[in-house]
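Contents: one structure, followed by commentary.
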Amino acid sequence: MTYMTPFSRMLELKSGTFTDPDHIQTRRLSDLKGLFSDPKAEAKLLEDNPVLYEVYLAFDAPPVHGHLGYSTTVIYPGKVGDEYFMTKGHYHAKGECGELYTCLHGEGYLLMQTREGEVKAIHMTPGVAAYVPPYWAHRTMNTGKDNFVFYACYPAEAGYDYGTIAEKGFASIVLEKNGKAEVVANPKYR
Ligand code: PAN
Ligand code: ZN
């Protein structure tokens, strides 16, 4: 038996950045084209094409049973029209894989849904440790004025199904209404 050597990474708890990640993924508005509910606001903001979020992947885990991936996501504050900056959102390609999300900084929502359209929203503030059960799609949005940062841990074999969300959308969206975040039904959900 050949053992892998244990290791650690350094996570700056406030900023949520790993100082020595294996990978950083940067997602701009153009990477989420068509996912926001207000096409005019999206087209206007695409002229600037801001960075919406970054994922610090601490470890490029081999995508096989037994290994764990871990990362932090930093979603910047902002909106497309009335809709808060958010992640693409995905089901796991291996739907039976769950995930842990722990908020480190800022505030936001973790939206989850099943393929049958059942929706659950969890308000994320520092210390909230949320469980994404198997088979639930998940998407996060920053509803605060500061960066929203969370730590995630997941089976490395989970993989990503982004296509279903790109095609059908999420059943709920989170909009700012009268200065407050509201989870509302998505009129474009198919
Ligand atoms: C997270 C997400 C991360 C970015 O690490 O991948 O927050 O969201 P999208 O992948 O939807 O763009 C996770 O859920 N991994 O499984
Ligand atoms: Zn996931």
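Please read all numbers here as calculations on a predicted model, not as lab measurements. Indexing begins at 1, ligand by ligand and atom by atom, following the structure's order. Counting begins at 1 with the first residue of the sequence. The analysis underlying the following values was restricted to heavy atoms, covering all of them including side chains, and did not include hydrogens, waters or symmetry mates.
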_Which residue and heavy atom of the protein sit nearest atom 16 (O) of ligand 1, plus the separation_ = Glu99 OE1, 2.8 Å
*What is the minimum heavy-atom distance between Phe85 and Val51, and which atoms define it?*
CE2-O, 4.4 Å
_Contact check: His92 to the Zn ion (ligand 2), N/O/S below 2.8 Å_ = yes
_Of all N/O/S atoms in His138, the name of the one nearest the Zn ion (ligand 2)_ = NE2
*In the protein, what heavy atom is nearest to atom 7 (O) of ligand 1, and what distance, to one decimal place, separates them?*
Thr73 OG1, 2.8 Å
*Mind checking whether Thr140 has an N or O less than 3.5 Å away from an N or O of ligand 1?*
no
*Please work out whether any backbone atom (N, CA, C, O) or any side-chain heavy atom from C-beta onward of His138 is under 4.0 Å from ligand 1, and answer side chain, backbone, both or neither.*
side chain
*Arg115 charged N/C atom sitting above Tyr135 aromatic ring, 6.0 Å / 45°*: no
*Note the single closest protein heavy atom to atom 5 (O) of ligand 1, along with its residue, its atom name and the distance in Å.*
Ser71 OG, 3.4 Å
*Proximal ligand 1 atoms for Tyr53, defined as those under 4.0 Å from one of its heavy atoms*: 4 (C), 9 (P), 12 (O)
*Just checking, any donor-acceptor pair under 3.5 angstrom between side chains of Ser30 and Asn49?*
yes
*State whether the shortest distance between N or O atoms of Gly89 and N or O atoms of ligand 1 falls below 3.5 angstrom.*
yes
*In terms of residue, atom name and distance, what is the protein heavy atom nearest to atom 8 (O) of ligand 1?*
Thr87 CB, 3.5 Å
*Distance-only N or O hit between ligand 1 and Arg27, under 3.5 Å*: no
*Applying side-chain contact (heavy atoms from CB on, under 4.5 Å) between Phe148 and each of Met124, Met86, His105, report the one that passes.*
Met124
*asked:* Please check this pair: side chain of Tyr53 against backbone of Arg28, looking for a donor-acceptor N/O pair closer than 3.5 Å.
replied: no
_Consider ring-ring contact (aromatic ring centres under 6.0 Å, His included). Of Tyr154, Tyr162, Phe170, which one does His90 pass it with?_
Tyr162
*Among side-chain atoms of His67 and Glu157, is any donor-acceptor pair under 3.5 angstrom?*
no
_Closest non-hydrogen atom pair, Tyr84 against Leu175_ = CE1-C, 3.5 Å
*What is the nearest protein non-hydrogen atom to atom 2 (C) of ligand 1, stated with its residue, atom name and distance?*
His90 CE1, 3.7 Å
*Check: Phe7 ring centre within less than 6.0 Å of Phe59 ring centre*: yes
*For the pair Tyr101 and Phe150, name the ring-plane relationship: parallel under 30°, tilted 30 to 60°, perpendicular over 60°.*
parallel
*asked:* Closer than 4.0 Å to some heavy atom of Val55 - which atoms of ligand 1 meet that?
replied: 3 (C), 4 (C)
*Does the salt bridge (charged side-chain N to carboxylate O under 4.0 Å, His left out) test come out yes or no for Lys33 and Glu42, once each step is laid out?*
CA-CA 8 Å; Lys33 208 163 178 272; Glu42 185 185 274; 5.6 Å; no
*Out of Tyr56, Tyr154, Tyr101, Tyr162, indicate the one that has the non-hydrogen atom closest to atom 14 (O) of ligand 1.*
Tyr101
*Proximity to ligand 1 by part of His92, non-hydrogen separation under 4.0 Å*: side chain
_Need the ligand 1 atom indices (1-based, order shown) with element for anything under 4.0 Å from a heavy-atom of Tyr160._
6 (O), 15 (N), 16 (O)
*What N/O/S atom of Glu99 gets nearest to the Zn ion (ligand 2)?*
OE1
*asked:* Could you tell me, atom by atom, which parts of ligand 1 come under 4.0 Å of a heavy atom of Phe150?
replied: 7 (O)
